[in-house]
Amino acid sequence: MPTTTAAAAVSPTPYTGLDKLFIAGTWRDGSSGERARDVNPYDNSTLAVHVLADKRDVQEAFEAAERAQAAWEQTPPAERSAILAETVRIFDARREELIEWVQRETGGIRAKAEFEVGAARAAAEEAASFPYRMDGDLLPSDVPGKENRVYRRALGTVSVISPWNFPLNLSNRSVAPALAVGNAVVLKPASDTPVAGGILLAKIYEEAGLPAGLLSVVVGRGSEIGDALVESPIPRLVSFTGSTAVGKSIAAKTFGGKSRMKRLALELGGNAPLVVLDDADVERAVDIAIVGRFLHQGQICMSTNRIIVDAKLADEFTERFVARAAKLVCGDQMDPATDIGPIINEAQLSDLLQKVARARDQGATLALGGEPDGLVMPPVVFANVDPALDIATQESFGPLAPIIVAHDEDEALRLANRTDYGLSSAVVGGDVERAVAFARKIDAGMTHVNDMTVADERHTPFGGEKNSGLGRFNGRWILEEMTRTHWTSVQHTPRAYPF
C-alpha cells in the first residue's frame, strides 16, 4: 500500500488506461469484441472507447472474487481500515480529476460533481470504521450449561449494479462498505458512465493497495451480462440502484426460477413531493424547490417530482417559482455559469418531450417552457396541475416541475401520499414542530423539513418504501445489509436428552 507523505499534497499524474476494464486483477478489454463509445452528452465528444464484457468475463470476475474473499475476510481489521483510509486520501489528492470526469461524463454542473465526489469520499471514510464494528453478541439460554454466541461475518461476494446519474457515489456507497467488512465485489456501472461509475473506482482501490481479485469492474450491455450478475450462485447480495421496473425484474430472478436466493439492496424510482404549508416563507420555499427540482436537470432519484402548495400561497409561489426558473442558465456543464446541463442521452430526452406533450394533451397549464438545444432541455413548469395527470403520478427524471394546489393540510397530506413510490420527500413550514408532525405522516423512507428532497449523509439511513426499494444504505444500516449473523451455541455441560 502506498505510504502517505508530504508529497501527497502535489497533484498526482492523472490516471491512464481508462479505456480498459478491470477483471480479476487485470486491466484488459472485454471478451465480447463489441466496442462502445463513452461520450460527453453536451457535445458528443468521445471520452473513451471500451471493448465490452460478456458472460465469460463476469464468471471470471466472480471466480476470482470467491478465491480472494476468504483470505480478505481474515485480514486484521487494521489492514482493511488502512486501505479504506488510503482510499480517502486518494479521493482528496485526485479531487479535481474526479470532479472533471463526473462533469464530462454525466453532464452535471460543477456543484453537482463536487457534491457527488464528496459523497463518494464520505462513503469510504465511513466504511473505514466498519472493520472495527463487526460486533457480535453473547445471549442467555434457558438450557442449563449452554452458551449462545452470535458472530458477525461478511456475506462473501457482492454484485453491484449502479446507474448513470450519480455514478461515482452510487457505486462507492456499496463498494466501500462491502470491501470494508470483508466482502469481494463485482461492479457493473451504467453504460453511459463506465469511467465515473466503475473504472475510476478500480484505479483508486488498486492505488490504495486492495489485493487483486477483490474488485472487478465489468462494462457491458445489461442484455448481455445483467442476468449473469444476478443469477450466478456466487454473489450473496445484489445491490442495485435504478428503475423500479428493472428492480422488480431482479427481484423476480433472485427469488424465482433457477437462481439461488440472495439478499437484495434496492434503491429504485421516486415521486418525491415537496409540500409547502400555509405558514411557509414563500421565498425560502421557492429557493428549496428550484434546486430540489432542477439540480442535475432533475435526473436524481430524490429530485422534487411534485410541488404541492397550499392554496393561500399558490399564486405567489407559482409566480416567483416561474420567474426564478426562467433565469436559470442552460448549456455546457463545464461552463461555471451554467445551472442546467444536458440530458444524459437522446432516449432520455425523447421520453421527457413525450411527457411534456402528454401533459399538454391532458390539459395541464404550461407556465414555462422552451425548445431543447441539442440535449440541453430548459426548465418546464406546469401550474395548477390536476394530481391525477401523468406528470404528477409518474417520475419524470428531468427538468419538469408540476405545481399542485392543496386546499388544506389534510388534502396536502393525501396528495403527498398519493403515489406508489416512497423514497424522499420534504415539507416547508414556519412552525417547525407542525411541519415535523406533518413530515412523520408522509409514507416515505426520508422526509426533510425546511430543506430540499435531495439529501444524503454518510451516517443516516438512505432508502425508500413501497416501490422505491428495499433495504437501507449508509452508516450502520448498510453494515447490516453487507454482513450476516451466525448463531453458534456451545453446550458446556452434558445435557439430558429425551431419548
Checklist entry - CD1 of Ile23 to CD of Gln59: how many Å apart, nearest 0.5 Å? => result 12.5 Å
Item to check | Polar contact flag, side-chain donor to acceptor under 3.5 angstrom, Thr483-Arg152 | outcome: yes
Checklist entry - Run the salt bridge (Lys or Arg N to Asp or Glu O under 4.0 Å) check on Arg476 and Glu126 step by step: do they pass? => result CA-CA 9 Å; Arg476 68 175 185 267; Glu126 177 75 5; over 6 Å; no
Checklist entry - Does the pair Arg472/Glu465 count as a salt bridge with the N-to-O cut at 4.0 Å? => result yes
Checklist entry - So which heavy atom on Val376 is nearest to which on Ile340, and how close? => result CG1-O, 4.2 Å
Next on the checklist: Cation-pi check for Phe240 against Lys188: NZ or CZ below 6.0 Å from the six-membered ring centre and within 45 degrees of the axis, yes or no?
Outcome noted: no
Next on the checklist: More than 12 heavy atoms of other residues, nucleotides or ligands under 6.0 Å from CG of Asp373: yes or no?
Outcome noted: no
Checklist entry - Do Ser239 and Arg173 have side-chain N/O donor and acceptor atoms under 3.5 Å apart? => result no
Checklist entry - Which atom names give the shortest non-hydrogen contact between Ala202 and Phe22, and what distance separates them? => result CB-CD2, 3.6 Å
Next on the checklist: If you apply the rule salt bridge (Lys or Arg N to Asp or Glu O under 4.0 Å), what do you find for Arg221 with Glu34, and how did you get there?
Outcome noted: CA-CA 10 Å; Arg221 300 192 183 282; Glu34 180 184 359; 2.5 Å; yes
Checklist outcome for this item: Per side chain to side chain donor-acceptor pair (under 3.5 Å), Ser303 is matched among Gln297, Glu395, Arg293, His296 by Arg293
Next on the checklist: Using a strict threshold of under 4.0 Å (side-chain N to carboxylate O), is an ion pair present between Arg149 and Glu147?
Outcome noted: yes
Item to check | Pair Ser31, Arg56: side-chain N/O donor-acceptor within cut-off below 3.5 Å | outcome: no
Checklist entry - Where the side chain of Arg306 meets the backbone of Asn271, is there a donor-acceptor pair that is under 3.5 Å apart? => result yes
Checklist entry - Under a 4.0 Å N-O cut-off, is there an ion pair linking Lys55 with Glu231? => result no
Checklist entry - What's the verdict on salt bridge (Lys or Arg N to Asp or Glu O under 4.0 Å) for Glu96 and Arg110, showing C-alpha distance, side-chain angles and the deciding distance? => result CA-CA 10 Å; Glu96 289 302 316; Arg110 183 175 175 91; 2.8 Å; yes
Checklist entry - Does a side-chain N-to-carboxylate-O contact under 4.0 Å join Arg458 and Glu125? => result yes
Checklist entry - Tyr205 versus Leu84: any side-chain heavy-atom pair under 4.5 Å? => result yes
Checklist entry - Do NZ/NE/NH1/NH2 and the carboxylate oxygens of Asp57 and Arg28 come within less than 4.0 Å? => result yes
Item to check | Glu207 side chain to Tyr15 side chain, donor-acceptor N/O pair below 3.5 angstrom | outcome: yes
Next on the checklist: Between Thr419 and Lys466, do the side chains contain a donor N or O and an acceptor N or O under 3.5 Å apart?
Outcome noted: no
Checklist entry - So, Thr241 and Ser162: side-chain donor and acceptor under 3.5 Å apart, yes or no? => result no
